[in-house]
Amino acid sequence: MKVVVMVAMLFMLVVVGSGKEVTYDRRSLIINGTRRLLFSGSIHYPRSTPQMWGNLIEKAKRGGLDVIQTYVFWNVHEPVQGKYNFEGRYDLVRFIKEVRNHGLYVSLRIGPFIESEWKYGGFPFWLHDIPGIVFRSDNEPFKFYMQKFVSMIVNMMKSEELYASQGGPIVISQIENEYQLVESAFHEKGPPYVIWAASMAVGLGTGVPWMMCKQDDAPDPVINTCNGMSCGETFAGPNSPNKPALWTENWTSFYQVFGGEPYIRSAEDIAFHVALFIAKGGSFVNYYMYHGGTNLGKSASAYVTTSYYDEAPLDEYGMINNPKWDHLRELHAAVKKSSQPLLWGKQTNFSLGLLQQAYIFEENSSRCAAFLVNNDTLSNVSVMFRNGVYELPQKSISILPDCKNVVFNTATVNAQSGVRSTIAVEHFNQTKNWLAFAEEVYDIDKASFTKNGLLDQLSITKDTTDYLWYTVGYDYTSTEDHQWLLRVNSQAHVLHAFINDEFIGTEHGSHNSEGVVFEKPISLLNGKNNFSFLSVMVGSPDSGAYLAHEIFGLQRVRIQENINVQDFVNQLWGYQVGLQGENLEVYTEKGSESVEWNTFDTFVHQSLVWYKTTFDAPPGRDPVALNLQSMGKGEVWINGESIGRYWVSFLTPKNQSSQTLYHIPRAFLKPSNNLLVLFEEMNGDPLQITLETISVSHICNSAEEPKMHKILSPKRRREVRLQCHQGKRISAIDFASYGTPNGDCASYSIGSCHSNASKSVVQEACLGKNTCSISVSAMQFGGDPCPETSKSLLVAAICS
Ligand SMILES: *[C@@H]1O[C@H](CO)[C@@H](O)[C@H](O)[C@H]1NC(C)=O
Ligand SMILES: *[C@@H]1O[C@H](CO)[C@@H](O)[C@H](O)[C@H]1NC(C)=O
Ligand SMILES: *[C@@H]1O[C@H](CO)[C@@H](O)[C@H](O)[C@H]1NC(C)=O
Ligand SMILES: *[C@@H]1O[C@H](CO)[C@@H](O)[C@H](O)[C@H]1NC(C)=O
Ligand SMILES: *[C@@H]1O[C@H](CO)[C@@H](O)[C@H](O)[C@H]1NC(C)=O
Ligand SMILES: *[C@@H]1O[C@H](CO)[C@@H](O)[C@H](O)[C@H]1NC(C)=O
Ligand SMILES: *[C@@H]1O[C@H](CO)[C@@H](O)[C@H](O)[C@H]1NC(C)=O
Ligand SMILES: *[C@@H]1O[C@H](CO)[C@@H](O)[C@H](O)[C@H]1NC(C)=O
Ligand SMILES: *[C@@H]1O[C@H](CO)[C@@H](O)[C@H](O)[C@H]1NC(C)=O
Ligand SMILES: CC(=O)N[C@H]1CO[C@H](CO)[C@@H](O)[C@@H]1O
């Protein structure tokens, strides 16, 4: 044994010594001595479960990725100063090894400021309490803790031999994150911090390059990189002729907030901008996100939904999102086919028309690749290129890996499209299956401590809970019934107000608003009146300069009757951190025994109520979610694991919930008797909750007969290929038309020409199969329904 270890170590030394370090030149990263064109995708380990990782990475690899990019999430690893957690979802080393085992590289964005719609931008809250600290600036306390954490992560990677320089998968690392956006706010403390961060990182000797995204002046040898949706248009380029053009965040969609609409970015638009970036000399593109996943627990930042980038190439549940995934896979293949001239050829570009350009990469006459760009959003155009006529669809780029044949066009989608559907497998509509208990409304005498004045919410809660009670007493002597106006200003996100234990109203802010203003006419009792305010955060902020100095919670509380104003700000206030149910962990098997649960009927439509029930796991492997459309706002736990906050009652401008389905990772479930606990703040109705399984049930694709003319139009497939997800089979053909069907996969109908054999031919070829393909030819359909007309085939099928 010992001998083997010795030999292995000697080998390592030799390898490191013989130039396995990752370097770069103006063209690309250089790995194992050679230039590389790399496609990368962000998958964040804490946003899924270890049970999902292998499958996600495998699908990323099949989608044509070379690299998996992740942030490192400091606050999950060091929730309490000096107490580390690298278990379960937080097992960074296991995640990186999983990537390595699939033969992919890793881009490790250590930060440690990461933003990422993650609570407190990834900083552990204890950092807030370090005396004299100013985050992300030339500040000794901050630099001390930043260096300590970054060094610890780097040393952990080194000791596991995970850097490419050691034979591992990590080919690049990131220090800081989009700092330029806030740098000027730190005045003279900004620029030296950038220089310090860069040299500190470089000094750690990882043997792989460091990058700084959105930092135009990243000091050598750190590479400045671009984030955005259209880096081919917005990126000014590397800040030195010896650095490659890298795109660290090409947003595949955008994160969603409660009360906000989903942002849908088409496969064609993403493909256009990726192809343009490559055409202009880029050599590394990362999709942010490739798989978004789920903001489990209280991990999301302010107002961000629990579902994260569900529109990415892999959806929240890890299922392939087509046509996006497949269209990008074809793009990657086309670019890879061109990689020899792209990486070693000479780049030139010239105009092909008013809004059309050609980008050529040429080594010699036989090694040449071209990207033909049509930036006209309104019309298709035909251009002359090297003695050929090429049809360029509107707003598209055609890729010619040999400067002759179009193998891919960004606007021509050959990929199958898929639509998800859900099946309700359990209805929680029986009152007898629910138990409930009401959360206590605290008044000043029951509060855990008192203090003069209004305190900052996060300084008290330490961000361990979203909830803080602020309570105050007011002695009032009058026997007349006066109408007072209560006015509360808060810098938290939601306010629930009670007077003398009675609920009087609720108010909330939004992602783009400055806090909450609550106003309500009230009556007071003669004698002592108790005011109780439950102040709620919906995640802590993740960005902005001087994060540690931001103040949250109640700012002003007044009552007013005509000119008579009573201001409560400087009074004695009682504070209670967290909910009783949270403090007792009633969402766990054990904790739930520590409170007296009541039958359901007692609490119908009340706010601040805990509910519990049990259920069995649905059979099969389809992803599982709770449909909470009947609920208001709160949090859900399954067997003690929080699956995140929900907020269904906050409607979008289109009068819809931002999110009604909440993912339950299969790993949280046991076969039977799963404990479901909800805390409901509004007055939602749990009787209408359903447990649902999710699958891509409807798939559709089309293809055209080859056209017989000289114009080189983008290739359309000559066969319709259909494929159900793993373990599913085609159970029905919804629609099939060989002829001139109208529309596309979004909406279709039979056109003027239709072969009446269409459906039976497709059924014959596809029913009962996981995958099938049918060629678009008259022979296949037993005759030509309309000779002289160019025909296509469109098929919509059901997988189950
Ligand atoms: C590195 O390059 C050498 C020769 O160029 C090759 O034999 C080897 O397989 C490469 N290693 C990796 C990990 O790509
Ligand atoms: C060639 O590309 C450069 C850089 O993108 C651009 O400034 C120039 O206008 C292009 N030339 C033509 C003819 O398109
Ligand atoms: C083109 O360049 C490649 C790579 O340098 C070389 O292998 C090939 O022989 C060259 N072809 C011609 C026609 O010069
Ligand atoms: C395409 O046109 C838009 C709008 O005129 C412009 O902003 C963009 O830079 C152009 N892109 C290219 C690649 O020419
Ligand atoms: C451009 O061509 C595509 C087919 O390649 C067609 O679907 C589209 O309608 C055409 N657009 C215009 C403006 O003619
Ligand atoms: C519960 O829902 C199921 C499925 O919709 C229905 O069959 C049943 O009648 C419902 N029970 C009650 C008590 O509403
Ligand atoms: C206010 O709180 C005090 C102390 O808990 C209690 O004794 C009193 O009854 C409460 N007043 C009202 C009006 O509920
Ligand atoms: C919003 O939706 C609710 C419930 O579906 C409906 O009652 C209401 O009329 C809608 N309001 C608007 C402005 O569409
Ligand atoms: C299909 O159409 C042809 C002529 O258009 C007709 O003769 C034939 O009966 C039809 N077959 C069926 C099964 O409808
Ligand atoms: C840096 C960058 O490219 N940002 C852009 C990201 O995309 C949005 C929407 O297209 C633009 O508004 C940003 O300027």
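When a ligand or atom number is given, it counts from 1 through the structure's own listing order. One-based numbering along the sequence shown.
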So, [X] and [Y]: side-chain donor and acceptor under 3.5 Å apart, yes or no?
| X | Y | value |
| --- | --- | --- |
| W325 | Y290 | yes |
| N683 | E680 | no |
| S42 | N286 | yes |
| H273 | S230 | no |
| N227 | E178 | yes |

Item to complete: Name the orientation class of the two ring planes belonging to F437 and W597 (parallel below 30°, tilted from 30 to 60°, perpendicular beyond 60°).
Response: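 Rings of F437 and W597: perpendicular, over 60°.
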
Practice prompt. Kindly confirm or rule out an SG-SG distance below 2.5 Å between C226 and C213.
Written response: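 No disulfide here.
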
Practice prompt. Check L355 against ligand 4 and report side chain, backbone, both or neither, counting heavy atoms closer than 4.0 Å.
Written response: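 For L355, there is no contact with ligand 4 at all, from either part.
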
Item to complete: Give yes or no for whether the N/O distance cutoff of 3.5 Å, strictly under, is met between K395 and ligand 4.
Response: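 In fact, backbone or side chain, K395 has no N or O that close.
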
Discussion item. Considering both backbone and side-chain atoms of K280, is one of its nitrogen or oxygen atoms within less than 3.5 Å of a nitrogen or oxygen in ligand 4?
Written reply: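 No, K280 has no N/O under 3.5 Å of an N/O on ligand 4.
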
Discussion item. Does any N or O of ligand 3 fall below 3.5 Å from an N or O anywhere on S366, backbone included?
Written reply: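 By distance alone, the answer is yes.
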
Practice prompt. Would you check the N or O atoms of S365, main chain and side chain alike, for any that come under 3.5 Å of an N or O of ligand 3?
Written response: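 There is no such contact.
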
Fill in: ligand 4 atoms in contact with L276 (distance to a heavy atom under 4.0 Å)
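Near L276, meaning under 4.0 Å from one of its heavy atoms, ligand 4 has 13 (C).
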
Item to complete: Run the numbers for me: atoms of ligand 4, each under 4.0 Å from some heavy atom of E233, listed by number.
Response: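 Listed by number with element, the hits are 8 (C), 9 (O), 10 (C), 11 (N), 12 (C), 13 (C).
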
Fill in: Close aromatic pair by centroid cut-off 6.0 Å: F518 and H508
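No, too far apart.
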
Item to complete: Check each atom of ligand 3 against the heavy atoms of E363 and keep those under 4.0 Å away; list them by number with element.
Response: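 Matching atoms, with element in brackets: 4 (C), 5 (O).
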
Item to complete: Output yes when K633 and E681 qualify as a salt bridge under the 4.0 Å nitrogen-oxygen rule, no when they do not.
Response: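 Answer for the salt bridge query: yes.
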
Worksheet item: Does a side-chain N-to-carboxylate-O contact under 4.0 Å join E440 and K446?
Response: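 Salt bridge: yes.
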
May I have a table of the N/O to N/O pairs between ligand 7 and the protein that fall below 3.5 Å, each row giving the two atom names and the distance to 0.1 Å?
residue  : atom   : partner : partner atom : Å
ligand 7 : 2 (O)  : D443    : OD2          : 3.4
ligand 7 : 2 (O)  : N530    : OD1          : 3.1
ligand 7 : 2 (O)  : N530    : ND2          : 2.4
ligand 7 : 5 (O)  : D443    : OD1          : 3.2
ligand 7 : 5 (O)  : D443    : OD2          : 3.2
ligand 7 : 11 (N) : N530    : ND2          : 2.8

